[in-house]
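Worksheet for the structure shown next.
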Amino acid sequence: MGRVERIQASFGTRNQQDPALSANGDNLALIVDYNGRPSVQLRDLRNGKILPLRHLSRNQPHSSPSLSWNARYVAVIGQRGNRRLAIIEDRVTGRSHQLVMPRDRIPVRLSLAPDGSQLALQVIEKGQWRIELFDLRKKIELDQPKLRSKSTQSVLGGL
Amino acid sequence: MKSNFYVDQSYWYCIFLLIVLGGCMSNPMRPMHGFNDALVQTSKTYREPSVGNKWLVALASYQGKDQIEMFDVRTRKRVPLPGINRADSQPISVSVSADGARLAFVQQRSDRTELFIYRRKLGTLQRIDLTQKGIPRRVTLDSSGKVLAVQVSRQGRWDVEIIRLQG
């Protein structure tokens, strides 16, 4: 059925949780303790470098990161005030999109489609788990391998 | 004349405010009601979502038993996964490749926690042994389904391990 090869183990940080690979396999998002606060960290697996995030340096504690195909979009569950919310950072435009749910639905986990067209959100409502799908196509540019322009490449690689 | 000027100014200020507020409050994410309603009607609870190009995979809970379920988002239909769910096992994490051909999952069976790859076309399961002893907790796949990132518990701390499958 094929061999198994471990290509990287441990990133030198204590307590790494919630890994999320980009679809192209070049990037990894994970949750690490930063000054005692669970924070999302984005790594380039080709050189091991930590990539900066503009909006996601706040709204901690973070959980459940998810990446689009080229890691253009980084989605995570974060916090604003006393409310949990879904946040998507666009690393090309520098914009962020936030999804605040009604107070009776608390977001817990999320998953972004590889091209960024859909977001699945696990919420807890009246003690029950639920998954809701959201369509993002009218608001964000899709992140597909063939649509990756030279300017996009330089922004994503150079950040 | 002067009062007209102030009325005009207030009018345009209000219009400007409405445009700005409207822009801020517009929700960029539209719920997919048809699919969401179909999930609610199954009388199961769903958690741990993983989205592929046109697939949603999740853990479904019904009468205290968890199992892995896969949906075609466009048709809203459940996709059969023969051989993936066992009566003596509880899945705790699942991830789907972009094309939906492979699923990686972590499951508990008696006192063991194990990592598996499921190849959908073949309906086969492959257990993935960690090279260093540890207990897997969460797993994620790249688009090809051949690279996995696994959260592993080792000696009281969480590590993330990257594994490549040859074939």
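Residue numbering restarts at 1 for every chain, and letters A, B, ... go by the order of the sequence lines.
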Flag if over 12 foreign heavy atoms under 6.0 Å of CZ, R83(A)
yes
Counting heavy-atom pairs under 4.5 angstrom with chain A, the leader among L141(B), V139(B), L56(B) is L141(B)
What residues, two or more places apart in sequence or in another chain, satisfy salt bridge (Lys or Arg N to Asp or Glu O under 4.0 Å) together with R112(B)?
E114(B)
Counterpart residues, salt bridge (Lys or Arg N to Asp or Glu O under 4.0 Å), relative to R37(A) (two or more places apart):
none
Could you tell me which portion of V150(B) (side chain, backbone, both or neither) has an atom closer than 4.5 angstrom to a non-hydrogen atom of chain A?
backbone
Okay, F35(B) and chain A: the region with an atom under 4.5 Å from a heavy atom over there is side chain
Residue selection (most heavy-atom pairs with chain B, distance under 4.5 Å) from A113(A), A23(A), S22(A):
A23(A)
Select one option (side chain, backbone, both, neither) describing which atoms of I88(A) are under 4.5 Å from chain B's heavy atoms.
side chain
Assess, by modelled atom type and distance only, whether the side chains of Q128(A) and R130(A) contain a donor and an acceptor separated by less than 3.5 Å.
no
Please look at L130(B) and chain A and tell me whether the side chain, the backbone, both or neither of the residue comes under 4.5 angstrom of a heavy atom of that chain.
neither
Will you find, in the side chains of Y46(B) and E69(B), an N or O donor that is under 3.5 Å from an N or O acceptor?
yes
